[in-house]
Amino acid sequence: MVVTRFAPSPTGYLHIGGLRTALFNWLFARKNNGKFRLRIEDTDLSRNKQEAVDAIIKAFNWTGLNYDDEVVFQSERFDIYKKYINELLKKGLAYKCYLTKEELEKIREAKLKGEKPPIDIRKYRDFKGELDKPYVIRFKTPLEGKICFEDGVKGKQCVDASEIEDFVIARSDGTPTYNFVVVIDDKEMGMSDIIRGDDHLRNTFKQLLIYKAFGWDVPNFYHVPMIHNEKGAKMSKRDGAVDVMEYKKEGYLPEALLNFLVRLGWSYGDQEIFSIEEMINLFDPKDINKAPSRFNKEKLDWLNSHYIKNSPNERIERILRDDFGVDIVNHDKKEILIDELKERVKTLKEMAREIEKILTPPSEYNEKAIKKFLKEDAINNLREFIEFLKDKDPKLPPDWHKVMDEFLKQKEIKPKFLMPPLRIAMVGDTKGIDLAALLSVLGKEEVIKRVNTLLSKI
RNA sequence: GUCCCCAUCGUCUAGUGGUCUAGGAUACCGCCCUUUCACGGCGGCGACACGGGUUCGAAUCCCGUUGGGGACGCCA
């Protein structure tokens with residue numbers, strides 16, 4: 001059976017890059033009727049795990065990704081890890097290392113500078129005695145030879161064993177470290193395929209050695225290139241929204257975000273739009289690209305507008321109310337309003353703003369527009385138009401069209417002497433949804449009121 | 001610095017030796033539609049990083065250069 005997982009460290013929110021990784025794993029599991037599991041990598045113990053899990057689950061719920069079985073917390077499995085560590089110790093595959101933090105710091109600094117470390121990190125590898133000092137447990141890595149594995153994305157990957165130094169598997173406080181517990185958990189949770197960011201490529205060699213030490217079969221690995229920011233570097237908080245839930249706040253539809261993310265590093269011919277079902281059917285980790293990709297907001301916007309256009313109005317209405325505090329559930333012309341707006345906005349946040357602009361009488365008028373369109377005759381036209389309206393009763397957009405046409409015909413004037421001024425009276429500017437729709441949404445009384453307001457101000 | 005990964009329009013990508021005067025999408029520009037702004041339709045701009053090979057033939061294979069990215073923790 002195919003079993004995949006998403007294994008974030010608890011940072012307090014779901015990162016946009018993490019969502020793509022989760023999506024890939026989820027798609028692959030669903031495609032193969034397998035399992036997709038969630039594991040929280042909280043061996044560090046320093047952060048609030050519950051808050052982090054809540055954040056991830058909230059984001060999962062929003063995007064529709066669901067995980068199978070219970071969530072696994074590494075912080076609750078220390079006894080299990082200890083057992084395995086002791087096993088390695090007993091077999092002589094791991095050892096106690098008494099190097100101090102200061103000594104280690106010197107080694108690290110030297111490595112980062114490209115210099116040869118002043119102290120051998122394997123100093124205690126063959127030390128037989130016991131010291132009354134704090135120690136960490138290191139894994140004995142082979143001194144020579146090659147370590148290789150077949151990566152599902154990048155092909156065969158090898159490294160000289162000499163480059164993988166004896167790494168820490170248990171800290172001085174006894175807690176186990178990432179590269180060790182990952183292997184134990186992936187094994188115990190029955191992982192068949194591991195799709196993760198290629199920042200883990202290096203770690204894979206260490207993990208391979210642990211698998212070997214226990215004589216376990218190795219799962220398939222797929223290292224997917226990172227998503228970069230628009231400048232081509234690693235995404236960070238400075239680049240704007242890295243928290244998935246920010247996209248909800250900005251008025252993006254989850255399916256738009258997923259569609260956008262699935263196309264970052266993966267493609268299926270020329271196809272751009274993928275329903276969730278299509279993604280599940282068509283996704284194959286073997287098709288993942290080798291090159292990193294950049295986050296491209298314009299494309300996301302385009303996808304979002306596509307999905308907004310194709311969303312039922314009730315859904316949009318609900319999001320507008322729940323996420324943006326714009327409640328038009330009981331507005332009698334809400335269908336017209338949403339139908340008009342969904343064709344033109346890129347986000348639901350934008351739609352909410354537009355609705356407020358329409359429903360709230362203008363507090364100010366665009367001066368340029370007034371200068372251009374509100375000449376003497378136009379003002380008269382407005383005055384006469386509301387007079388003309390008195391014994392009419394237009395309701396729907398076509399009614400309003402008819403009324404305006406009649407007026408224009410009767411007065412023998414061109415549309416531009418009535419329509420732009422009318423629009424300015426309604427919303428203060430010359431841009432916006434179809435005028436007849438706008439008038440219909442506002443209703444006759446409000447239309448007259450707004451015209452009068454404008455007339456009184458000039 | 002060392003090791004590793006990567007390299008097609010601004011961006012996301014198609015492309016696996018000949019069908020490529022390199023296709024799609026987005027962005028941008030123009031035209032049409034239209035009372036306006038959008039939407040939509042049509043058209044345009046725009047790329048195989050560079051240099052060597054291999055081959056009858058290279059975007060596709062090999063080598064190097066350059067450029068970008070990642071890793072180098074008692075973080076994950």
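Given the structure is predicted, the values throughout are model-derived calculations rather than measurements.
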Just the rounded figure in Å: distance from [atom2] of [N] to [atom1] of [X].
{"X": "A:His200", "N": "B:rG73", "atom1": "NE2", "atom2": "P", "result": "15 Å"}
{"X": "A:Glu340", "N": "B:rU36", "atom1": "CD", "atom2": "P", "result": "14 Å"}
{"X": "A:Ile121", "N": "B:rU2", "atom1": "CD1", "atom2": "P", "result": "20 Å"}
{"X": "A:Tyr98", "N": "B:rC74", "atom1": "OH", "atom2": "C1'", "result": "15 Å"}
{"X": "A:Ile370", "N": "B:rU36", "atom1": "CD1", "atom2": "P", "result": "19 Å"}
{"X": "A:Leu435", "N": "B:rC39", "atom1": "CG", "atom2": "P", "result": "20 Å"}
{"X": "A:Ile308", "N": "B:rG40", "atom1": "CD1", "atom2": "C1'", "result": "17 Å"}
{"X": "A:Asn381", "N": "B:rU35", "atom1": "CG", "atom2": "C1'", "result": "13 Å"}

For a quick test of reading the model: is some side-chain N or O of [X] closer than 4.0 Å to OP1 or OP2 of [N]?
{"X": "A:Arg294", "N": "B:rU13", "answer": "no"}
{"X": "A:Lys309", "N": "B:rG40", "answer": "yes"}
{"X": "A:Lys101", "N": "B:rG73", "answer": "no"}
{"X": "A:Thr43", "N": "B:rA76", "answer": "yes"}
{"X": "A:Ser172", "N": "B:rC74", "answer": "no"}

Backbone N/O of A:Ile273 and side chain of A:Gln271: donor-acceptor pair under 3.5 Å: yes

A:Asn25 side chain vs A:Ile194 backbone, donor-acceptor pair below 3.5 Å: no

Among the nucleotides [options], which one has an atom lying closest to any side-chain atom of [X]?
{"X": "A:Asp199", "options": "B:rG69, B:rA71, B:rA14", "value": "B:rA71"}
{"X": "A:Lys290", "options": "B:rC72, B:rC5, B:rC6", "value": "B:rC6"}
{"X": "A:Lys234", "options": "B:rU11, B:rU35, B:rG70", "value": "B:rG70"}
{"X": "A:Pro415", "options": "B:rC4, B:rA14, B:rU35", "value": "B:rU35"}
{"X": "A:Arg108", "options": "B:rA76, B:rG73, B:rC5", "value": "B:rG73"}
{"X": "A:Ser293", "options": "B:rC12, B:rU36, B:rC74", "value": "B:rC12"}
{"X": "A:Glu41", "options": "B:rA76, B:rC5, B:rC74", "value": "B:rA76"}
{"X": "A:Met419", "options": "B:rC72, B:rC12, B:rU35", "value": "B:rU35"}

Watson-Crick or G-U wobble partner of [N], both distances under 3.5 Å:
{"N": "B:rC56", "value": "B:rG18"}
{"N": "B:rC3", "value": "B:rG70"}
{"N": "B:rC42", "value": "B:rG30"}

Parallel, tilted or perpendicular: ring planes of A:Trp266 versus A:Phe283, cut at 30 and 60 degrees: tilted

Per-nucleotide protein contact string for nucleotides 19-34 of chain B (B base, S sugar-phosphate only, - none; heavy atom under 4.0 Å): ----BBBSS-------

Within 6.0 angstrom of A:Lys357 NZ, more than 12 heavy atoms from elsewhere: no

Flag if over 12 foreign heavy atoms under 6.0 Å of CD, A:Glu376: no

Ring centroid separation A:Tyr98 to A:Tyr124 under 6.0 Å: yes

Ring centers of A:Phe180, A:Tyr84 separated by less than 6.0 Å: no

Side chain to side chain donor-acceptor pair (under 3.5 Å), paired with A:His223, selected from A:Arg202, A:Arg196, A:Gln157: A:Arg196

